[in-house]
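Beneath this line is the structure, given in structure tokens, with notes to follow.
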Amino acid sequence: MAREEAQLSAAKKSYRNAKATGNHEEEARWANVIGDMLKKRGEYVEALKWLRIDYDVSVKYLPQKHCLPTCQSLGELYLRLEFYKDALLYQKKHLELAEDANNLIEQQRANTQLGRTYHEMFLRSDDDHYSVQNAKKYFKSAMKLAQIIKENPPTKNCSFLKEYIDAHNNIGMLEFDLDNLEEARKILTKGLEICDEEEVMADDDGRSRLHHNLGNVYMELRMWDNAREHIEKDIMICKRIGHCQGEAKGYINLGELHYRIQKYEEALLCYQKARELAKSMEDEDALLRQIDQNIEIVNDAIKVMDGLKKEEQNLKKLTRDMAITRGTPRERKCLLQQNASLDCLIEKSRTIFAWLKLLEFAKRKKIIASELCDQEKLSDSLLVIGESYQKLRKFKKALKWSMKSWEIYKSIGNLEGQALTKINVGDVLDSDNNWEGALDAFEESYRLAVEANLPSVQLMALENMHYSHMIRFDNVEEARRLQHRIDKLKQSKYKDLQTKNVAEDHCSESDTEGSGHLSDNMCNVCGSSEIRKCNSSKSQSLASSTKASPKVKSAHLGKQNITTETNVSQKSLSEPNTNEQTVVGRKRIRLVLSDDEDEMYDEVQCSKSWSKKLPLEDVATSDELKIKRNTASPARKFQDVSSYTSNRTTRSCNPVNIEQSSSSCKSRTLNVVAQNGRGFGASSSEEGSIAASGSKCDISFPENLVNKNHGAHLIFLTSDDENNQCITVKIDKDLIRLDNGSFMDSDKLSIESVKVELACLYYLRLPMERRSEGLLPIIQNIKCGESVIQSVETFQKLKQDMGKVLVEAFIDGWVQKRLIKLYTDCCYKLSETPNMKLLKKLYDLEFSDDEVTVSECELQDLSIAPLLNALYAHKTFAMLDLSHNLLGNGTMEKLQHVLTSSGQNYGGLTLDLHSNLFGPTSLFQICECPLLFSRLEVLNISGNRLTDACASYLSTILENCKALCSLSIERCSITSRTIQKVSDALNASSVLEQLCIGHNNPISGSTITDLLSKLGTLKRFSKLNLNGLKLSKSVVDSLCQLAATLPFSVLSLGETGIGIDGALRLTESLFNGTAEFLKFDLSYCGVTSNYVLKLSTVSSMICGILELNLSGNPIMQEGSLALSSMLLNSQCCLKLLVLQKCRLGTAGVLQIMQALSGNGFLEELNLADNANLDRQNSAQPGSCNANTNLDGLEVADSEDDEVKAAASGLDDNHTRPCQRNSSSSGCQFIQGLSSAIDMAKNLRLLDLSNNGFSTQDADILYSSWSRSRFGSAQRHIKDQIIHLFVEGIKCCVKPCCRKD
């Protein structure tokens, strides 16, 4: 920030000088520079002022050609501010000037900007028939010009590749907004392919836009894994290049993805991170508003999900009652109650996009309707089944079930049902690219609606017809004619609909009976409530199945909800506070609820006074509940002619620090209340206990403190103690109640982690005088009765008890943690909630208070303040690990103050700051701290936003920090310029031992050669990381020469592409030279089984390698024999071997495992991702065939057996055991592997993930593992993750966090 301010001040000074001397050309140029700098900082209003100065000076004093850049800048800025008329004015002027000057480059830029502006106008318009045509025209023109310039560059240094790639992005985005998802995917994928073919650097903003928009496309295609992969790549690129706006919008996209699959905690975390980023920018109020709306909607969705779970319990009760009432007079009433409950569940499932749930409930409703012999309810349920399949993008099944519904509506003469079904059919056909069939269906729906005199349905049909003509067939005249009819119908409709069109609808015989045995939080549903608006962000079925022109869409382009000028009852996601049911369907019934939920209700008779048809305008909708799509500051990305994109479009988008998002650990959300009922929300001014925030969601309360008279007996309760299963832990005389799900959902949580958390929670509850000593309990055992709980899995067994389960934790002693005491005191002073993740890290008994490790604690510049204050008071520390947080330059400034104030000018210091948000000027703080010159030994700043602006700072650090022995600057977007500076700063007196510069591009071969030459002069150097750098033959030659002279102990060359020849030459040089014991990384280098064969036959090589990483190389099954031979060699001293994705096959995996019975050295082995190739499209090894693809899960289609089983309280998946064929090859493989694991007694960590093992297989393998490691065996098994390890080993350590 200081550097940016200095540059801005210098630019303003130059502007004043130019103005004072009357140099108008320089005056205009500097005004443009200042405006561009302010635009990049997000200060759009201030930037506009300076660009207007540039324009006025250029028009008044300079030749016309000087107006080109200023018109371009003004056009772009007005677009960002959403002043489209002004944007078009300057953009067309820009294009005109470019054409006059015959400047193809400026013509391409002008066409791109015009395309973007018309695209924005199209997304916000209702009947703007020309915007989409103009957007297509200008985008295609921009693509054509970009290709011409790329193939025939005007100058030698002008490749125009970036613009050509961005043109693919823009056209792909337009196709996406026209709901042509496959076409959009092809175009965007082609853009990425061009990036790879042309070797565009990994951290390129053009790549980020393509990844961003592909994430949106895959999200609409319900391909969640692909969507997440691209969204996370987008976020990571934006983070590395310092594009704050793009990173925020990437987090918004990730948040929507989590929202779509009902992972609300993760969604909220993403939005919070997006909000922090948006707040760091000026003039991004629209983006902040969008994020706040999304957070509010996710919170509402959580309430709906809670209501859905409660209603499911009610349905289970009704299902049990049904078994009792079967064959009695009460049977029909019980069926009606189940039907009403299913209506509620259907509505809630639709509201939160839970389409699989919707399908399940619709099929169960179909069974109930069949038993009731109610044809209308049956047709309604079939229509919802069709809707469910459409949302799941199974269009053939959707069409089949919708047509079944239409046939029943037709057989009972229900014109409204037929018309609505035809709209749904049209929607399905449109989604399946059958546009002509869709238009025919919409026209048929309109004919039926006219025949039945249904203005609301007529309006929906007309809007869909308008959409088809305007978007699908580009028929502007017909679209305009239909728009005129729509406007006319709207004007007449709302004048007389209430009095003229309230014809009585026929009352379904079952609608007049029983109100239903419903829970108190029953949602707004009634008889045929399926005919309503759906809140899908792509297409609406049933009553909301309109495909209005693009403007009407609140989220996505194609399908749209009906918009009216009257007051439409907007349904909130939150539950109503009344017991009277709101009418939401074509009919309504009166709901009578008793105070006693076990009491049966009287039947309610059908009455004309309330059985009349309700106009659709009065139907409560859920459309407004969608995650708000970004209409003000959208999150999709377009080409920007400046250095960064404006990321503007109307799709919402969709929030996470990538490293943090990979963890599936969920937050523990604890509400803290006193035993006497006083909570933290109560007024209190005295000191007491402090509540710790959960891992992802801090508890907010007005005051962090409670009266200490009450604080000694605080109880930690779940948020809904009435309905959630809790485990109550007794420690001493206090009780702590933990929500069972809060830790059972975690992948990697161990019983030790639970003990640590309990210890921290217990400490926080102590009165102030007891906390002052900083003594925390050491939990020895957790018992349930007399049994010691050894693993988290035991809690799962306790969960089966429907009551509250009491367990007891025993304190074995106390440990002093002064830093925790200081931290909690600082939290108290700042009125901050202690971070539970941070507390658990500080509690770690493996580290002293001098070693502060607080990685992955979701710390930001504000939330880290209490810790920094605690370190200021603590004074001395030897290691500070702040990795994998969200810290920026502000933290570094405060940290420099902490280090300076300590006064400690001796003793080594390790600073691990990797994977944060530090910029180049953060290194300036290190340069300005003289105490570090003698103390700093290890500096890890990898994975931050450094760029080449940090070159001089790194040079200064290397020259001044005389004790520096390790420097890591991987993944920092630095280039040859910075590496050359680093090389120049090294001299023979340097004590540098380790240098990591991997995954930075582009770095030239000559620069790396110079660096290697300089490293050869250092006396202590032995560890080099060049991962991800493409090494030429000359660089490999230099590396071989260096290997012959330096005693390498660590050499990482992953993804360098050196090939088998380079690997062999380098290995020979290493062991012909001075290397003794080596950690060698050759992952993804293209080495084959020939390399392994050579390695296994040379004894000097076998005995010299301690760790070997061959991941991603085609070792194949042939190489497994050589690997086995090497492992059986008595001279082999390998302790770690990584063979992930080496295509070994089942035979190769088994052969390697069997070789370990004769190996006494190997401790860690990774065989992940090796056996799937042998079993493509076949059953999992040793298991029955099972569909584990979550995207493909569905309820049984043609038969109702599964649904009947569910309705009767049975689940076939649990009642029918998986039958194993003991003679199968898969079973033999499992038996052989199990025996080999049992024999490999020296192994301490084994990774068998992603090899297609079933849960049963994993249990068998763990049993073998634990037999030979009694008492110390541990496991991390979830889905396809299979980690077997022993106590004291961490199984899921990020590669960047491994210590050499």
Side-chain angles (χ1 to χ4, degrees), residues 157 199 201-203 920 923 927 939-942 946-962 964-1059 1061-1063 1065-1067 1069-1070 1073-1075 1080-1082 1085:
N157 296 326
E199 297 184 353
M201 62 184 293
D203 293 339
L923 297 181
C927 298
L939 177 61
N940 187 346
I941 198 81
S942 299
L946 296 189
T947 73
D948 283 334
C950 72
S952 59
Y953 301 136
L954 284 173
S955 176
T956 302
I957 290 171
L958 285 167
E959 291 171 354
N960 293 340
C961 296
K962 302 300 183 183
L964 187 67
C965 59
S966 176
L967 175 64
S968 298
I969 48 175
E970 293 184 273
R971 302 181 187 274
C972 289
S973 302
I974 58 178
T975 67
S976 300
R977 173 184 156 199
T978 300
I979 301 302
Q980 190 63 57
K981 282 269 190 180
V982 168
S983 177
D984 293 343
L986 295 173
N987 54 65
S989 63
S990 173
V991 297
L992 192 69
E993 298 175 7
Q994 180 175 15
L995 180 63
C996 303
I997 62 171
H999 297 286
N1000 287 300
N1001 284 301
I1003 298 179
S1004 66
S1006 60
T1007 302
I1008 299 176
T1009 302
D1010 290 345
L1011 176 64
L1012 295 176
S1013 175
K1014 211 59 172 297
L1015 293 176
T1017 65
L1018 305 185
K1019 297 178 181 179
R1020 299 187 184 181
F1021 192 81
S1022 62
K1023 303 174 183 178
L1024 179 62
N1025 184 327
L1026 299 177
N1027 286 339
L1029 305 183
K1030 299 303 178 185
L1031 304 184
S1032 63
K1033 185 178 181 300
S1034 60
V1035 174
V1036 174
D1037 292 340
S1038 299
L1039 195 55
C1040 290
Q1041 294 174 9
L1042 185 64
T1045 58
L1046 281 183
F1048 275 114
S1049 61
V1050 177
L1051 185 56
S1052 299
L1053 301 175
E1055 302 178 60
T1056 54
I1058 62 175
D1061 293 335
R1065 287 196 297 121
L1066 183 57
T1067 307
S1069 299
L1070 282 167
T1074 57
F1080 202 13
D1081 184 353
L1082 287 174
C1085 283

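Just the heavy atoms: all of them, side chains too, but no hydrogens, waters or symmetry mates, feed the values below. Given the structure is predicted, the values throughout are model-derived calculations rather than measurements.
The CG atom of Asp1037 sits 12.5 Å away from atom CG of Leu1042, with the distance rounded to the nearest 0.5 Å. Distance check: Cys1085 SG to Asn1027 CG gives 8.0 Å after rounding to the nearest 0.5 Å. If you take CG on Leu1070 and SG on Cys1040, they are separated by 8.0 Å, rounding to the nearest 0.5 Å. Residue Leu1015 holds its CG atom at 11.0 Å from OG of Ser1022, rounded to the nearest 0.5 Å. If you take CG on Leu1031 and CG on Leu1012, they are separated by 8.5 Å, rounding to the nearest 0.5 Å. In this structure, the separation between OG on Ser966 and CG on Asn1025 is 10.0 Å, given to the nearest 0.5 Å.
The shortest heavy-atom contact between Glu1055 and Lys1030 is O-NZ, 3.3 Å. Closest of all the heavy-atom pairs between Tyr953 and Pro920 is CD1-O, 3.2 Å. In terms of heavy atoms, Asn1000 sits closest to Cys972 at OD1-N, 2.8 Å. Across Pro1047 and Phe1021, no two heavy atoms sit closer than the pair CD-O, 4.2 Å. Of all heavy-atom pairs between Asn940 and Ser968, the closest is OD1-CB, 3.3 Å. Closest heavy-atom contact between Ser942 and Glu970: OG-N, 2.9 Å.
Using a distance-only test at 3.5 Å, with no hydrogens or angles considered, no donor-acceptor pair links the side chain of Thr1017 to the main chain of Ser1013. Checking side-chain atoms of Thr956 against main-chain N and O of Ser952 turns up a donor-acceptor pair under 3.5 Å.
Asp984 and Gln980 form a side-chain donor-acceptor contact under 3.5 Å, judged by distance and modelled atom types alone.
A heavy-atom distance below 4.5 Å is found between the side chains of Ile974 and Cys950. Residues Leu958 and Leu986 have side chains in contact (heavy-atom distance under 4.5 Å, counting atoms from C-beta outward). Proximity of Ile1058 to Leu1039: side-chain heavy atoms (C-beta onward) are nowhere separated by under 4.5 Å. Proximity of Ser973 to Leu946: side-chain heavy atoms (C-beta onward) are nowhere separated by under 4.5 Å. Side-chain atoms of Leu1051 and Leu1066, non-hydrogen and from C-beta on, do get closer than 4.5 Å to each other. Residues Thr1007 and Ser983 are not in side-chain contact: their nearest non-hydrogen atoms beyond the backbone lie 4.5 Å or more apart. Counting only heavy atoms from C-beta outward, the side chains of Leu1026 and Val1035 never approach each other to under 4.5 Å. Between Leu1024 and Leu1046 there is no side-chain heavy-atom pair separated by less than 4.5 Å.
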With side chain to side chain contact (heavy atoms under 4.5 Å, CB included) as the test, would you mind laying out the steps for Leu1011 and Leu995 before giving the verdict?
-> CA-CA 11 Å; Leu1011 176 64; Leu995 180 63; 3.9 Å; yes

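Asp948 is linked by a salt bridge (Lys or Arg N to Asp or Glu O under 4.0 Å) to nothing, counting only residues two or more places apart in sequence or in another chain.
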